[in-house]
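First the structure, in the form of structure tokens, and then the observations on it.
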Number of protein chains: 2
Amino acid sequence: MAEKDNKHEHCCLEQHNHKELIESVSMDMPEEEVLYDLAELFKVFGDTTRIKILYTLFESEMCVCDIAEVLNMTQSAISHQLKVLKQAKLVKNRRDGKQIIYSLDDGHIANIITMGIEHIME
Amino acid sequence: MAEKDNKHEHCCLEQHNHKELIESVSMDMPEEEVLYDLAELFKVFGDTTRIKILYTLFESEMCVCDIAEVLNMTQSAISHQLKVLKQAKLVKNRRDGKQIIYSLDDGHIANIITMGIEHIME
DNA sequence: TAAACATATGAACAATCATTCATACAATAA
DNA sequence: TTATTGTATGAATGATTGTTCATATGTTTA
């Protein structure tokens, strides 16, 4: 294997074994792709509008227009965010005549949000 | 109370009771401040560098320089992100001579990340 | 068919963010 | 004290993001 480029300049005078440390960390560190997907997922939860949409859909499935009314936002803004939520597989939709009905698409959503609530409540 | 401004233009012809819907949604919707804090928390998880730092600290407490070496990033970049993690109360630190030792500051971290992993694994 | 309705989407803009660079601060060693 | 080491931080920059506006797509009604 080739030498890795060291972005950090040096390191503190090591009483501990750096090689062992780096090895054991990279053992348990997930693949880069998993880390990326994980961050992308949490990014989706990192916006109040999307959190509100999820809370709204906890109540019941709903068409885009209803969500917009409930949250007092434009149809366009909601539609854009629903697309993000759908790409993250957090919501799904179905057509009912002219309307598109959105609903939650994952059982973990409530758990993830609950965990977050528990943390901020200390 | 004054009239609420309607950002959405109108709404789909309502077979269902909008007032009831809006009422029951706003019943279960958390306070704006909670929603904001919640989104801020998930935002912190929404970056691969910070996720990597958390995974690193799962292994053991560590000084800034070690984290930088393990992740092959500059001390400055790590330090900036540790500040974000600390503000979110996800890590804490203590001084040991010249070094600042960082460690995890919350029991929910592993659970939140695990939930995320479970979702992306479908 | 044309008109109305519900939703989706591309472009534009302002706001936010992660990293880099330079430098400041704090503790120890000489 | 001065030099060195470990960390923090402000400014600058390029990249990303949420909303708005205008418009396109798809469905139903007249």
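- Summarising the geometry of H119(A) relative to A88(B), their closest heavy-atom pair is NE2-O, 2.8 Å, with the distance given to 0.1 Å.
- Of the side-chain N and O atoms in Y102(A), none sit less than 4.0 angstrom from OP1 or OP2 of dA6(C).
- Residues I101(B) and N93(B) have side chains not in contact (no heavy-atom distance under 4.5 Å, counting atoms from C-beta outward).
- As rounded to whole Å, 12 Å separates atom C1' of dT19(D) from atom CD1 of I53(A).
- Within the model, atoms CD of Q75(A) and CD of E69(A) stand 13.5 Å from one another, a figure rounded to the nearest 0.5 Å.
- Along DNA chain D, the nucleotide nearest K43(A) and the nucleotide nearest I100(B) are compared for position; the residue whose nucleotide lies closer to the 5' end is I100(B).
- Rounded to whole angstrom, the span from the CD atom of E40(B) across to the P atom of dC17(C) amounts to 7 Å.
- Taking only side-chain atoms of V64(A), from C-beta outward, the nucleotide of dT7(C), dT19(D), dA8(D) with the closest atom is dT7(C).
- Protein atom CD of Q75(B) is 7 Å distant from nucleotide atom P of dA8(D), rounded to whole Å.
- Using a 4.5 Å heavy-atom threshold, the side chains of M29(A) and T56(B) count as touching.
- Close to dT20(D), at under 4.0 Å from its OP1 or OP2, lies a side-chain N or O of T74(A).
- In this entry the distance linking CD1 of I51(B) with C1' of dA18(C) reads 15 Å, nearest Å.
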Report, one pair per line, the protein and nucleotides 10-15 of chain C atoms (nitrogen or oxygen only) whose separation is under 3.5 Å.
unit_1, atom_1, unit_2, atom_2, d
dG10(C), O6, H80(A), NE2, 2.9

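- The distance between atom CZ of F42(A) and atom P of dT17(D), rounded to the nearest whole Å, is 16 Å.
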Legend entry - Contact state string [nucleotides 24-30 of chain D, B base, S sugar-phosphate only, - no protein heavy atom under 4.0 Å]: --SBS--
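- Here the shortest heavy-atom pairing between I78(B) and M73(B) reads CD1-CB, 4.1 Å.
- In this structure, M62(B) and V70(B) have side chains that are in contact, with non-hydrogen atoms separated by less than 4.5 Å.
- At least one side-chain nitrogen or oxygen of Q81(B) sits closer than 4.0 Å to the OP1 or OP2 atom of dT19(C).
- When rounded to the nearest whole Å, the span between CD1 of I78(A) and P of dA6(C) equals 16 Å.
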Side-chain atoms of residues 41-48 of chain B: list all donor-acceptor pairs with protein atoms under 3.5 Å, sequence neighbours left out, distances to 0.1 Å.
unit_1, atom_1, unit_2, atom_2, d
K43(B), NZ, E40(B), OE2, 2.9
D47(B), OD2, T49(B), N, 3.1
D47(B), OD2, R50(B), N, 3.2

Legend entry - Evaluation steps, salt bridge (Lys or Arg N to Asp or Glu O under 4.0 Å), between E61(B) and K92(B): CA-CA 10 Å; E61(B) 61 173 18; K92(B) 63 189 178 207; over 6 Å; no
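- Atom CD in E69(B) sits about 12 Å away from atom P in dT7(D), given to the nearest Å.
- In this entry the distance linking CD1 of I67(A) with P of dT19(D) reads 14 Å, nearest Å.
- Proximity of K83(A) to V91(A): side-chain heavy atoms (C-beta onward) are nowhere separated by under 4.5 Å.
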